[in-house]
Amino acid sequence: MSPADFERTARPDGWWRSAVVYQIYPRSFQDSNGDGVGDIPGITSRLDYLAELGVDVLWLSPVYRSPQVDNGYDISDYHDVDPLFGTLADLDELIAAAHQRGLKLIMDLVVNHTSDQHPWFIESREPGSAKRDWYFWRPARPGHEPGTPGAEPDDAHAAFAPSAWTYDPRSGEYYLGIFSPGQPDLNWENPQVRHAVHAMMRWWIDRGVDGFRMDVINLISKPSALTSGEALDPSPAGFGQIANGPRLDEFLVEMNREVGLDAQNLLTVGEMPGATVEVARRVTDPARHELNMVFTFEHVNLDQVGWNKWELADLPLPRLKENLAQWQDGLAEAGWNSLYYDNHDQPRAVSRFGDDSAEHRVNSAKTLATVLHLHKGTPYIYQGEEFGMTNAPLTHIAHYLDVESLNYHARASAAGVEEDQILRSLARKGRDHARTPVQWDDTPYAGFTTDIPWMPVNPNYIEINAAAALRDPGSVFAHFQQLIRLRHSDEVVREGRFELLLSDHDQVWAFTRTLGDQVLLIVANCSSVPAELPVDSLPDLDRAELILGTHPDGTSAVLGPWESRVLRLAS
Ligand code: GLC
């Protein structure tokens with residue numbers, strides 16, 4: 001290996017603290033063979049674009065073999081690529097081509113559950129098999145005929161199905177699938193399961209990957225109620241009961257050690273619905289050797305009532321900024337934050353937290369990005385976010401493809417909820433918004449494919465597309481480039497202490513980042529009307545230098561709609 005190659009592929013201690021991660025949802029990123037589904041060679045063909053954006057790491061949503069019940073989050077072979085996305089050789093090529101450009105690549109690790117088509121599960125269905133205990137099997141509820149309505153072991157719902165229990169006539173028992181029947185939960189209490197997962201992770205590291213994004217990883221240690229055979233809580237909050245189980249830390253420490261995660265400086269980020277700041281502080285404390293960082297759900301659950309994502313609630317700005325600030329404070333001394341608004345499970349940030357009208361889309365996308373990227377932690381960009389892609393006009397149930405949305409529609413309709421109300425919730429929170437194809441240019445199908453795409457392209461691709469953004473020095477894309485550069489070049493952005501200002505202000509998001517005698521002040525108008533800067537409650541702006549702003553004149557005492565400024569204060 002030449003010194004230059006070594007430099008490009010090296011993972012120095014803590015490298016991920018200055019990194020920006022870009023998430024790719026392969027199915028919707030770029031099709032290369034005209035079948036309407038994005039694929040791995042398509043990703044490789046777009047690496048120069050990603051290098052131009054300036055990100056450091058690519059996170060690939062699952063490309064493993066899968067029946068695609070949940071678009072690949074149901075894996076039937078951890079050691080192969082689904083033909084839909086290409087071949088292992090294509091993936092090797094992608095990893096090498098990424099490394100050549102100084103980009104690292106992390107895989108999605110989905111090990112809370114497998115597909116029901118995974119050979120482990122197929123074997124487990126045999127009652128006397130050595131793998132019976134690799135999953136959770138339970139008899140019918142006492143006094144009920146197995147397989148009849150109401151005979152499930154308890155009333156717990158699955159995230160994407162009416163019951164968490166699925167009847168298997170072969171043995172007359174039920175298995176647990178807290179997402180859907182196609183996603184049976186692995187039993188991590190069994191050490192053989194853990195060893196098999198560790199071996200698989202080592203295999204991927206040997207192939208050259210730089211880390212893992214771990215799907216719902218805080219659900220792997222099931223609550224003792226379940227492991228001792230008691231009933232699960234059937235309410236939506238029951239999901240909270242399943243999270244952060246008693247052996248979570250033990251399993252993560254063991255995984256880290258057995259796989260050599262920290263020893264090899266791999267990036268590890270755990271998706272953790274239901275994790276509190278306290279859990280995150282523990283799990284990401286470097287001294288404990290569990291994970292580098294976690295994805296919290298708290299801020300993306302604020303526009304709903306409790307655990308029910310379909311029950312919509314207003315989200316005043318102070319609640320959002322206070323929540324992020326709480327995580328900044330909670331992880332200030334030990335641990336590390338990941339920073340995100342968007343991913344393949346969330347509606348588009350500019351439509352959700354910003355204003356996606358023609359007048360305000362660009363500035364609101366820039367300002368939201370400014371705020372997020374100036375927090376302390378590792379920022380994540382979701383494909384299309386970097387040029388301000390919006391929610392799609394999904395107005396009829398026939399427009400939805402996602403298993404979660406379809407299940408919600410069926411359940412709510414059966415419960416008598418009005419169609420209008422169901423569609424309103426879906427239009428606000430449905431995961432399909434994130435999954436429309438990336439809008440590369442204004443040619444047919446937005447340059448994503450040459451044939452009918454698996455999911456329709458958002459019709460606004462004529463105006464909103466990557467090619468147009470690349471041509472425009474004032475684009476959202478150009479702003480993201482600047483934010484990424486700033487993180488790379490400025491130690492205050494990476495390591496500075498965070499302090500929220502004006503916490504009650506319902507338009508202005510303001511905070512400082514401080515490292516030694518260096519101070520950055522960020523002020524952002526998160527509304528579509530002008531906002532007066534309450535200068536008396538802010539540090540002295542007289543000798544402040546504007547280092548990044550959305551508007552040319554960054555000195556006025558009034559912030560324009562969706563105007564933001566990053567100011568360096570004189571020391
Ligand atoms: C995670 C994934 C989501 C998936 C679920 C079950 O939340 O991000 O897409 O449906 O886990 O694997």
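Indexing begins at 1, ligand by ligand and atom by atom, following the structure's order. One is the number of the first residue; the rest follow in order along the sequence.
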Do me a favour and list the nearest non-hydrogen protein atom to atom 4 (C) of ligand 1 with residue, atom name and distance?
Asp70 OD2, 3.2 Å
Would you tell me which option among Val111, Asp215, Ile75, Val216 has the nearest heavy-atom contact to atom 2 (C) of ligand 1?
Asp215
Ring centres under 6.0 angstrom apart (Phe353, His299)
no
Can you confirm whether or not the ring centre of Tyr380 sits under 6.0 Å from the ring centre of Phe295?
yes
Judged by atom type as modelled, is there a donor-acceptor pair below 3.5 Å linking the side chain of Lys429 to the main-chain atoms of Lys309?
yes
Leu324 CG to Leu372 CG distance, which is reported to the nearest 0.5 Å:
7.0 Å
Does the gap between the ring centers of Tyr49 and Phe477 come in under 6.0 Å?
yes
When the ring centroid of Tyr64 is compared with that of His79, is the distance short of 6.0 Å?
no
Give the residue, atom name and distance (to 0.1 Å) of the protein heavy atom nearest atom 7 (O) of ligand 1.
Glu271 OE2, 2.8 Å
Of Val403, Asp345, Asp402, the residue with the heavy atom nearest atom 3 (C) of ligand 1 is Asp345
Under a 4.0 angstrom heavy-atom cut-off, which atoms of ligand 1 come close to His344?
2 (C), 3 (C), 8 (O), 9 (O)
For ligand 1, the portion of Glu404 having any non-hydrogen atom under 4.0 Å away:
neither
May I ask you to check whether Tyr175 and Phe136 place their ring centers less than 6.0 Å from one another?
no
Hey, is Met272 touching ligand 1 through its side chain, its backbone, both or neither, going by heavy atoms under 4.0 Å?
neither
Looking at ligand 1, would Arg431 count as a contact under a 4.0 Å heavy-atom criterion?
yes
Note: ligand 1 atoms sitting under 4.0 Å from heavy atoms of Phe160 are 10 (O)
So if I count the atoms of ligand 1 from 1 in the order they appear, which ones are less than 4.0 Å from some heavy atom of His113?
6 (C), 12 (O)
